[in-house]
Peer 1: 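This is the structure I have questions about; it appears just below.
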Number of protein chains: 2
Amino acid sequence: MQIMTVARKVRGDDTRERILTAALAVFAERGFDGARTREIAERADANLGLIKYYFEGKERLWKAAVTRAFEELQEELAAGADVPPGADAVAALEQVVRRFVRFVARRPEFMRLMNDEAKRDSPRMRWLADRFVGPMTAALDAQLARARAQGLVGAVSPVSLRYIVLGAAGLVFSQAPECRYLTGVDPTDPKFAERHADAVVALVRTAVAPRRRRR
Amino acid sequence: MQIMTVARKVRGDDTRERILTAALAVFAERGFDGARTREIAERADANLGLIKYYFEGKERLWKAAVTRAFEELQEELAAGADVPPGADAVAALEQVVRRFVRFVARRPEFMRLMNDEAKRDSPRMRWLADRFVGPMTAALDAQLARARAQGLVGAVSPVSLRYIVLGAAGLVFSQAPECRYLTGVDPTDPKFAERHADAVVALVRTAVAPRRRRR
DNA sequence: GTCTATAATTAGATAGAC
DNA sequence: GTCTATCTAATTATAGAC
């Protein structure tokens, strides 16, 4: 970053942030190929040339926007680990699930973007998998392994289970516009999201720990 | 369709079919905006001009490809209704789920395309919802209502339940390339797909009919 | 029916003034 | 830092030969 007055720095950082936010939205809506940098600039109320100034180009802008989204997710998942270390592995798993649901309810763009990139083998998919998805599911899989060690396992393959949970948790939000049009229900409404989280958590409980008594 | 010799008709129909198949694949991979008609023509090993000849343009080609995909899905779901009319509503629901899983395992493009269009409010989304998604989920919701009438209901909202089932069933397949890269497992392998169907069906059973004994 | 060639539009990138 | 203006390359659409 070059030398600049404080005022300029603040203003510039703000513009940079607005571009990042707009970029996440547009990339999520249109996919990388379909997204137009002009639309991103317009939504950010910024000049087209500033994309090159701040991010060099479309590809790097995409990476910056995705990185920011994952940082937010990681904050959400880490915030106040209110499940004690010695506790039930299933309880810990449930908390992760609940927080994930809350996050995608708040940021449905995240789910949309992931859906879009995970569906074909590309350098961007591998970049995402190596940098974020792999490490983060390693953590999830560790939770599953703990549950397994405590004798709480369904016969479900861990691969199936992971995508079942992610899909069950996320699809209403990634497809929110269709859901609104078809049912009149707005999934991003926090009250709906919380009840949806309940449903997914209940599901995880029965799937992972079939022997456990329902509360 | 204009008058033509039999040979020409056959050859033309074949080209038309190849374009439709390629179109579904490319639209699913890139999204409508990102898809290029040139790529569709190349994959179909057909001339670019034939897209106008057969389908008038990109939009109508998309509609034709989607219609064909839904017809296939409907065939899959309708094929040999081997659940008798008087039978358990949960059993009927499970069969629908199992068949849906088999279908998306065979045609992951379907799930990808739906994910892509359902994520924003557009004329195409509404066209899909009015023409296919609405009517087909009306059938699914009827199954759920039957289960409800038989006293087999979880407290889950039908909206949540629908997207939970679709997401749990479909995400591994729509994200198959990521899954392959990350875990080495190929979800489209029929053996995996069948075990995944087992898992989703077990899940539906506990979610919809929590009182039911596990087999 | 299938092809070549091209028109019209739009994309990402960028030069250079301020 | 932000803007206008423009370049180059791609895109869809299409006219017209065979």
Side-chain angles (χ1 to χ4, degrees), chain A residues 1-66 116 122-124, chain B residues 1-66 116 122-124:
Chain A
M1 200 180 278
Q2 60 253 63
I3 295 156
M4 55 185 84
T5 69
V6 173
R8 274 201 166 169
K9 183 170 190 292
V10 168
R11 199 148 85 92
D13 276 9
D14 184 59
T15 302
R16 203 189 122 98
E17 281 300 303
R18 288 203 321 276
I19 292 175
L20 274 178
T21 304
L24 187 70
V26 175
F27 282 129
E29 267 181 41
R30 307 273 178 187
F32 183 84
D33 294 316
R36 290 161 295 174
T37 53
R38 274 185 167 76
E39 189 181 349
I40 293 170
E42 275 165 30
R43 280 211 214 179
D45 198 30
N47 188 275
L48 177 63
L50 294 178
I51 287 176
K52 178 176 168 57
Y53 178 76
Y54 284 113
F55 304 98
E56 199 59 31
K58 193 183 183 181
E59 186 91 17
R60 292 216 205 234
L61 171 58
W62 179 88
K63 287 189 178 174
V66 169
D116 209 82
S122 73
R124 280 193 309 280
Chain B
M1 202 178 273
Q2 60 253 62
I3 294 155
M4 56 185 87
T5 70
V6 173
R8 274 201 165 169
K9 183 171 189 294
V10 168
R11 197 149 85 93
D13 277 8
D14 184 58
T15 301
R16 202 189 123 98
E17 281 301 303
R18 289 202 322 276
I19 293 174
L20 275 178
T21 304
L24 187 69
V26 175
F27 282 130
E29 266 181 40
R30 306 273 179 187
F32 184 84
D33 294 315
R36 289 162 297 172
T37 52
R38 270 185 169 75
E39 190 180 351
I40 294 169
E42 275 165 30
R43 282 212 213 180
D45 198 29
N47 187 276
L48 176 62
L50 294 177
I51 286 176
K52 180 177 169 58
Y53 178 77
Y54 284 113
F55 305 99
E56 199 58 31
K58 192 183 183 182
E59 185 91 16
R60 292 217 204 236
L61 171 57
W62 179 88
K63 286 188 178 176
V66 169
D116 209 83
S122 74
R124 280 193 309 280

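Every chain is numbered from 1 and lettered A, B, ... according to where its sequence line falls, protein lines coming before strand lines.
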Peer 1: Rounded to the Å, how far apart are A:Y53 OH and D:dT4 P?
Peer 2: 17 Å
Peer 1: Say you draw a straight line from CG of B:L20 to CH2 of B:W62; how long is it, rounded to the nearest 0.5 Å?
Peer 2: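 Separation between the atoms: 13.0 Å.
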Peer 1: Strictly under 4.0 angstrom, non-hydrogen atoms only: write out the protein contact profile of nucleotides 3-18 of chain C, one letter per nucleotide from the 5' end, B, S or -.
Peer 2: BB------BBBB----
Peer 1: Which atom pair, heavy atoms only, marks the closest approach of A:A22 to A:I40?
Peer 2: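 Looking at all heavy atoms of both residues, the closest pair is CB-O, 3.6 Å.
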Peer 1: Could you check how far CH2 of B:W62 sits from P of D:dA13, rounded to whole Å?
Peer 2: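 Taking CH2 of B:W62 and P of D:dA13, I get 15 Å after rounding.
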Peer 1: Please report the closest heavy-atom contact between B:R60 and B:F55, naming both atoms and the distance.
Peer 2: CB-O, 2.9 Å
Peer 1: Could you list the donor-acceptor pairs under 3.5 angstrom formed by side chains in residues 26-38 of chain A, with sequence neighbours left out?
Peer 2:
residue: A:E29; atom: OE1; partner: A:R43; partner atom: NH2; Å: 2.9
residue: A:E29; atom: OE2; partner: A:R43; partner atom: NH1; Å: 3.2
residue: A:E29; atom: OE2; partner: A:R43; partner atom: NH2; Å: 3.2
residue: A:R30; atom: NH1; partner: B:D33; partner atom: OD2; Å: 2.9
residue: A:D33; atom: OD2; partner: A:R120; partner atom: NH1; Å: 3.1
residue: A:D33; atom: OD2; partner: B:R30; partner atom: NH1; Å: 3.0
residue: A:R36; atom: NH2; partner: A:E39; partner atom: OE1; Å: 3.2

Peer 1: List in chain and number order the residues that pass salt bridge (charged side-chain N to carboxylate O under 4.0 Å, His left out) with B:K63, two or more places apart in sequence or in another chain; answer none if no residue qualifies.
Peer 2: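 Salt bridge (charged side-chain N to carboxylate O under 4.0 Å, His left out) check on B:K63 returns nothing, list empty.
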